[in-house]
Amino acid sequence: MKQQSQVQGPTVPLDVESYPVAPEGLDLEQVHVYVRHGERTPVRVRMSDPPASIPADWQMCNTAKSFHETVAGYSLTVDDGLWYKKLVENRHGKTAEGLCLLGELTDIGKQSTYAFGAALRSLYIDRLKFLPQKLEDERLTYFRSTNIARTIESLQHIVHGVYPPSACGPDTIPSIIIRNGIDENLVSNTLACKRLAILEVQFAQAAVAAWNSRLEPLDKKVSKYIGGNPLRLDGTPRASGILDTVRSAAAHGFKVPQEFSDDNVIDLIEAAVTAEWFDIKSEEGRRLGMGRLLADVSEKMHHKAQLNSKNPTKLLVHTTHDSTLAALLCTFDVFDDKWPPFTSSVTLELFRKRTPPSQQTNLQRALSSVWRPRDEHYVRMRYKNKNMVLPMCAAEGKHLAGSPEFCTLEAFRRRVVELTPRDWAGECVPRT
């Protein structure tokens with residue numbers, strides 16, 4: 001059996017030391033980061049009765065007592081603006097210091113997202129010198145979150161790690177950008193796209209048909225912890241909810257039933273749940289789910305490649321959800337079928353390869369005063385501190401020779417065009 005600490009799944013902090021520097025001749029131009037929020041409480045109360053006895057109320061949100069404490073280094077700050085203290089009241093009408101809401105970013109989640117931001121600073125500012133030590137021009141960065149409290153708070157802490165107030169110019173305050181839910185593309189937006197909602201139900205139904213019978217042998221081990229109910233993807237509680245509760249509890253040091261420390265149990269549940277939530281194989285599902293987001297990335301990279309230094313934006317950080325990371329990876333056929341851990345991230349890096357004078361033709365050199373050869377650009381995708389070799393870039397000419405993880409920007413953009421809905425509203429209308 002695994003140790004208790006392993007039930008939460010692998011945690012993958014951003015590894016600065018092992019980051020592979022690009023081959024000679026490639027210059028980093030722009031970095032897009034998509035990071036899951038930090039550790040949180042479960043989104044519903046489950047398994048709180050004996051014998052599981054996972055607490056219904058979690059007193060792990062002490063640093064959220066005030067807005068200032070949340071973002072200002074966990075120290076009391078007084079100013080002339082609004083001042084308040086937040087208290088959570090449970091279902092019995094009782095309050096307690098540090099009591100969390102369901103689905104709330106906890107103290108541990110705040111610490112891990114701050115650490116992620118500090119690691120970004122250590123990598124892209126201290127080690128690579130990609131960004132300046134002090135932020136004087138806000139246009140260098142772009143910080144955006146979904147409109148969910150835990151992702152917004154996660155981004156606040158990440159920003160504080162990348163560019164704390166002491167590392168910002170006197171007139172520079174980083175902005176955190178949020179969109180209305182109907183306009184959101186950082187998630188597979190079933191609110192705005194009814195056709196996508198229908199597809200996701202169909203994917204889930206297919207997973208139920210494929211996996212419920214395989215989960216049945218686990219009933220004798222785990223049913224006693226869920227009110228005697230069978231463990232099923234569409235059960236009560238759902239298998240995804242059980243996995244969420246167990247992973248969240250273990251991440252915060254709560255004891256969970258030893259059966260969930262068994263590889264044969266937790267791995268099977270995870271496989272079934274990831275199939276239900278993330279197994280999006282159809283081109284239509286990928287287009288409607290991640291197409292608009294990838295179109296955004298592609299256009300920003302293209303703009304950067306065309307304008308170079310005239311486009312100042314270098315680091316773009318987005319806080320989002322496990323479903324987004326999995327969907328991005330699945331869309332490019334590199335998903336590992338494991339639930340994305342808290343504070344895990346997908347990174348897309350844009351590199352420029354200059355054409356050295358030795359490789360220029362005589363005519364090019366003669367015209368160098370009025371004509372500059374077109375630079376080559378490459379995209380590298382990273383997840384869990386590993387380079388992702390994208391199948392769409394496997395063919396010769398679609399990646400940097402000898403380095404298949406560096407996809408040509410042209411090949412990347414060509415695939416994104418295929419994934420981009422031409423008529424988003426029209427494609428989202430349910431079919432009759």
Side-chain angles (χ1 to χ4, degrees), residues 5-6 8-22 26 28-40 71 73 105-133 135 140-146 150-164 167 174 176 186 247 251 297 313-329 332 334-336 338-351 379-389 405-406:
S5 61
Q6 295 299 317
Q8 62 183 301
T11 55
V12 191
L14 185 63
D15 189 343
V16 176
E17 296 302 319
S18 69
Y19 172 88
V21 177
L26 289 188
L28 185 61
E29 291 288 292
Q30 196 172 70
V31 179
H32 297 247
V33 181
Y34 298 87
V35 56
R36 186 189 178 193
H37 55 76
E39 288 84 347
R40 57 154 171 77
V71 298
L105 191 74
T106 63
D107 299 339
I108 291 175
K110 294 178 174 66
Q111 293 166 6
S112 69
T113 47
Y114 172 79
F116 183 84
L120 286 177
R121 180 177 180 84
S122 179
L123 176 58
Y124 291 111
I125 297 175
D126 298 336
R127 182 181 171 190
L128 299 180
K129 315 299 182 189
F130 177 61
L131 290 161
Q133 286 286 331
L135 185 65
L140 289 172
T141 59
Y142 176 91
F143 299 110
R144 184 175 149 211
S145 170
T146 58
R150 58 181 173 268
T151 55
I152 295 171
E153 290 185 11
S154 291
L155 189 52
Q156 290 171 345
H157 286 81
I158 290 171
V159 172
H160 198 62
V162 178
Y163 277 120
I176 289 179
L186 283 177
R247 285 273 167 89
V297 176
T313 307
K314 302 183 79 172
L315 177 67
L316 304 92
V317 181
H318 313 75
T319 46
T320 183
H321 307 268
D322 45 16
S323 56
T324 301
L325 268 59
L328 284 171
L329 294 161
F332 287 138
V334 290
F335 185 44
D336 61 4
K338 300 292 184 182
W339 199 279
F342 294 116
T343 327
S344 56
S345 61
V346 168
T347 302
L348 292 163
E349 299 172 313
L350 175 68
F351 294 87
V379 178
R380 179 172 69 176
M381 185 177 193
R382 287 178 56 77
Y383 177 58
K384 293 182 178 178
N385 298 311
K386 297 178 182 178
N387 295 332
M388 299 287 103
V389 178
E405 69 273 22
F406 289 93

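What you are looking at is a predicted structure, and each value in this text was computed from that prediction instead of being measured.
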Could you state the interatomic distance from [atom1] ([X]) to [atom2] ([Y]), rounded to the nearest 0.5 Å?
X	Y	atom1	atom2	value
D126	L120	CG	CG	11.5 Å
K384	L329	NZ	CG	8.5 Å
H37	T343	NE2	OG1	8.5 Å
F406	E349	CZ	CD	7.5 Å
R382	N387	CZ	CG	4.5 Å
D322	R247	CG	CZ	11.0 Å

Practice task
Determine the minimum heavy-atom distance between P341 and V12, stating which atoms define it.
Solution key: CG-CG2, 4.3 Å

Handout entry: Exercise: identify the closest heavy-atom pair between F342 and G38
Key = CD2-O, 3.5 Å

Completion exercise
Residue set satisfying side-chain hydrogen bond (donor to acceptor under 3.5 Å, both in side chains) with H318, at least two apart, ordered chain then number -> none

Answer whether the closest heavy-atom distance between the side chains of [X] and [Y] falls below 4.5 Å.
X	Y	value
L14	N385	yes
H32	V346	no
V35	S154	no
Y34	L186	yes
V21	R127	yes
F332	M381	yes
D336	Y383	yes
L140	L315	no

Donor-acceptor contact present, side-chain [X] to main-chain [Y], <3.5 Å:
X	Y	result
S345	V33	no
R36	L325	no
S122	A118	no
S145	L155	no
R121	V162	yes

Handout entry: Side-chain donor-acceptor contact under 3.5 Å, Y142 with Q30
Key = no

Exercise for the section: Return yes if a side-chain donor-acceptor contact under 3.5 Å exists between T319 and T151, otherwise no. Expected result: no

Handout entry: Enclosure of Q133 CD (heavy-atom neighbours >12, cutoff 6.0 Å)
Key = yes

Handout entry: Partner set under salt bridge (charged side-chain N to carboxylate O under 4.0 Å, His left out) for K314, not counting sequence neighbours
Key = none

Handout entry: Stepwise side chain to side chain contact (heavy atoms under 4.5 Å, CB included) check, L131 with Y163
Key = CA-CA 11 Å; L131 290 161; Y163 277 120; 3.5 Å; yes

Exercise for the section: May I ask you to check if R380 and Y19 form a cation-pi contact, with NZ or CZ under 6.0 angstrom from the six-membered ring centre and within 45° of the axis? Expected result: yes

